[in-house]
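Below is one structure; the comments refer to it alone.
As the structure lists them, so they are numbered: ligands from 1, and atoms in each ligand from 1. Computed from a predicted model, the values in this text were never measured in an experiment.
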Amino acid sequence: MADDRSENTAGGIALMPVVAAALLDARGRVLLQRRPSGKQMADLWEFPGGKVEAGETPEAALVRELGEELAIRVVPAAMTPLAFASAALGAKHLLLLLYVIRDWTGTPQPLEASALAWVAPAAMAELAMPPADVPLVAALAHFLAIQG
Ligand SMILES: Nc1nc2c([nH]c(=O)n2[C@@H]2O[C@H](COP(=O)(O)OP(=O)(O)OP(=O)(O)O)[C@@H](O)[C@H]2O)c(=O)[nH]1
């Protein structure tokens, strides 16, 4: 008998784990980056991050991605898991893990993005973002609202 659990058995859907960061500044703004033209989901705004590679923990992947994309240094102890999204993405299935980060070393540089922007939570919903990000933006706005 087939049920939802059968989708994750051998030969089923390939999960693609992706880690992403909501970097927060002292004013509660969030750093978003714009995906470059020519990449999948070109020109959409997204949380910095990327795919977890084989043999990596999610936290190690996020340390690596934030170094590669923004030239900042973060440590796993500064990462607070906030929410995840689970969505079909082409032939794969995206598992997008969002962490909140308030402490890092260095000034973010757009090494891979076409632009960076510090965005107030209320303005995030106005930006074009990948569909999987929509519930994460809602969760983040809620988190920031209850933080005061
Ligand atoms: N970083 C990031 N990726 C996201 C977000 N939302 C979302 O759907 N994704 C998807 O997750 C995947 C991450 O891939 P990526 O291209 O950014 O990662 P990467 O740097 O490791 O990939 P590459 O080395 O193949 O270029 C993409 O399919 C991307 O569209 C988001 O907010 N941040």
Let me confirm one number: the CZ-CG distance from Phe84 to Leu96, rounded to the nearest 0.5 Å. 10.5 Å
Looking at Glu53 and Arg64, is any side-chain nitrogen of the basic one under 4.0 Å from a carboxylate oxygen of the acidic one? yes
In the structure I gave you, are the side-chain heavy atoms of Pro76 and Val63 within less than 4.5 Å of one another anywhere? yes
Mind jotting down which protein residues get a heavy-atom contact under 4.0 Å with ligand 1? Chain and number order, please. Met16, Val18, Arg35, Lys39, Gln40, Met41, Glu46, Phe47, Gly49, Gly50, Lys51, Glu65, Leu89, Leu94, Leu96, Pro130, Asp133
Considering residues at least two apart in sequence or located in another chain, which fulfil the side-chain contact (heavy atoms from CB on, under 4.5 Å) criterion with Ala115? Arg34, Trp45
side-chain contact (heavy atoms from CB on, under 4.5 Å) for Asp103 and Ile101? Distances and angles first, verdict last. CA-CA 6 Å; Asp103 295 310; Ile101 300 177; 5.6 Å; no
Go through it in stages, so that I can follow the logic: the residues are Ser114 and Asp43, the test is side-chain hydrogen bond (donor to acceptor under 3.5 Å, both in side chains), and I'd like the CA-CA distance, side-chain angles, deciding distance and then a yes or no. CA-CA 8 Å; Ser114 58; Asp43 301 328; 5.0 Å; no
